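Notes for the one structure printed next.
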Amino acid sequence: MRFDGGAFVPIIRTFVETPYAQRVREGWRLASWASLVLVLILLAYGGRLAEGDPPPDALYRYQNAIGGIFIYSVFLLLLLLIARGLPAREFFALRRPASWPKALGFALLSYVSIFIGAGLIIWALGAADEQGLTPDAWDSSRAGAYAANFVAVAIVGPIVEELMYRGAGMSLLARHGAPVSVGVTAVAFGLGHGLLLALAALVYFGVVTALLRLKTGSVYPCILVHSLFNATSLILAVTT
């Protein structure tokens with residue numbers, strides 16, 4: 001008697017397409033994303049506890065840029081594995097806003113809101129120097145290393161972080177409602193930086209960019225705001 005495994009294919013396909021199986025896959029993806037975020041948080045705070053504040057010239061060191069880009073690349077790869085089998089553009093919200101002029105207007109409003117709001121929170125809590133990354137002065141002899149770190153902090157970092165939180169995170173949490181998806185991703189984003197005094201400002205940053213994602217339906221404006229904010233901070237650090 002021959003075993004006809006093909007006869008089971010329709011049965012397996014039917015099970016895979018059931019609502020229960022879909023919920024299991026969604027739960028697995030959400031658990032994987034939460035685990036990834038937890039690892040990032042542990043690395044951030046663990047690094048702070050083990051190594052203390054970064055050296056004052058951290059952004060003038062090539063190894064800092066290379067290490068940062070490598071870590072971001074690993075997290076991006078893991079995010080892509082979580083998204084495997086799904087339309088990546090939908091999962092990460094990599095879609096064009098319905099109206100670019102409106103999206104850019106909301107992005108500008110978000111940028112100003114973050115710059116003022118987060119700035120006031122940091123000032124009130126005395127957290128301006130907690131992260132300790134930005135140098136005190138410009139060193140033209142190390143411009144190449146600073147440019148490399150600029151790419152890591154103002155381009156690579158914002159892209160990966162926005163895909164992680166406002167992209168994948170908000171997509172996975174969408175069925176729990178907007179308040180949950182905004183709140184959870186904002187807190188996770190804040191904790192992922194490993195800071196204490198500046199945590200409130202980072203959570204505020206996360207809330208504003210999450211609302212921007214909801215308003216525009218796209219992660220592109222969030223990446224733009226995040227990149228511009230980081231770039232502005234890096235430029236002001238060595239020009240003022």
Side-chain angles (χ1 to χ4, degrees), residues 30-54 58 68 71-72 75-76 78-79 92-93 107 109-134 152-154 156-174 176-215 219 221-234 237:
L30 181 56
S32 299
W33 176 83
S35 298
L36 184 60
V37 170
L38 180 60
V39 169
L40 179 59
I41 293 172
L42 292 175
L43 287 174
Y45 282 102
R48 281 275 169 174
L49 290 173
E51 301 175 8
D53 294 335
I71 292 173
Y72 279 127
F75 276 91
L76 179 58
L78 294 174
L79 285 172
F92 292 111
L109 182 62
S110 299
Y111 172 82
V112 173
S113 175
I114 291 171
F115 207 83
I116 295 175
L120 287 174
I121 294 172
I122 289 174
W123 172 79
L125 297 176
D129 298 323
E130 184 182 15
Q131 192 167 24
L133 273 179
T134 51
V153 174
V156 179
I159 290 174
V160 175
E161 289 182 0
E162 291 307 316
L163 291 178
M164 177 180 290
Y165 299 107
R166 265 62 72 176
M170 293 192 69
S171 293
L172 290 168
L173 293 163
H176 297 287
V180 172
S181 65
V182 171
V184 171
T185 56
V187 172
F189 172 76
L191 292 172
H193 287 75
L195 304 177
L196 294 176
L197 293 177
L199 178 59
L202 289 164
V203 171
Y204 176 80
F205 188 113
V207 169
V208 174
T209 48
L211 293 175
L212 177 62
R213 152 79 150 88
L214 290 177
K215 192 68 178 179
V219 78
C222 304
I223 293 174
L224 177 62
V225 169
H226 197 156
S227 293
L228 285 176
F229 181 85
N230 285 8
T232 302
S233 300
L234 292 175

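If you're wondering where the values come from, they're calculated on a predicted model, not measured in any experiment.
Nearest heavy-atom pair across Ala188 and Val37 is CB-CG1, 3.6 Å. Counting all heavy atoms, side chain and backbone alike, Ser113 lies closest to Tyr204 at OG-OH, 2.6 Å. When all heavy atoms of Gly169 and Thr185 are compared, the closest pair comes out as C-CG2, 3.9 Å. Between Ala44 and Gly192, the shortest heavy-atom distance links the atoms CB-O, 3.4 Å. For the pair Leu79 and Phe92, the tightest heavy-atom approach, listed with the atom from each and the gap, is O-CZ, 3.8 Å. Pairing each heavy atom of Ala154 with each of Asn230, the nearest pair is CA-CB, 4.0 Å.
Separating the CG atom in Leu40 from the CZ atom in Phe75 is a distance of 4.5 Å, to the nearest 0.5 Å. Distance NE2/His193 to CG/Leu202: 5.5 Å, rounded to 0.5 Å. Tyr45 OH to Leu191 CG: the interatomic distance, rounded to the nearest 0.5 Å, is 4.5 Å. Rounding to the nearest 0.5 Å places NZ of Lys215 at 10.5 Å from OG of Ser110. Separating the CG atom in Leu212 from the CD1 atom in Ile114 is a distance of 8.0 Å, to the nearest 0.5 Å. Atom CD1 of Ile121 and atom CG of Leu199 lie 10.0 Å apart (nearest 0.5 Å).
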> Between Leu76 and Met164, does a side-chain contact (heavy atoms from CB on, under 4.5 Å) hold up when you go through it step by step?
Replying inline: CA-CA 8 Å; Leu76 179 58; Met164 177 180 290; over 6 Å; no
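Between the side chain of Arg166 and the backbone N or O of Leu214 there is no donor-acceptor pair closer than 3.5 Å. A donor-acceptor contact shorter than 3.5 Å links the side chain of Thr209 to the backbone of Phe205. In this structure a side-chain-to-backbone donor-acceptor pair under 3.5 Å is missing from Glu162 to Val219.
By the salt bridge (Lys or Arg N to Asp or Glu O under 4.0 Å) test, Glu161 pairs with no residue at all, sequence neighbours left out.
Residues Trp33 and Leu173 have side chains in contact (heavy-atom distance under 4.5 Å, counting atoms from C-beta outward).
Ring pair Tyr165/His226: centre-to-centre distance not below 6.0 Å.
A side-chain contact (heavy atoms from CB on, under 4.5 Å) with Tyr111 is found for one member of Leu224, Val208, Thr232 and no other, namely Thr232.
Other residues, nucleotides and ligands place more than 12 heavy atoms under 6.0 Å from the CG atom of Asp53.
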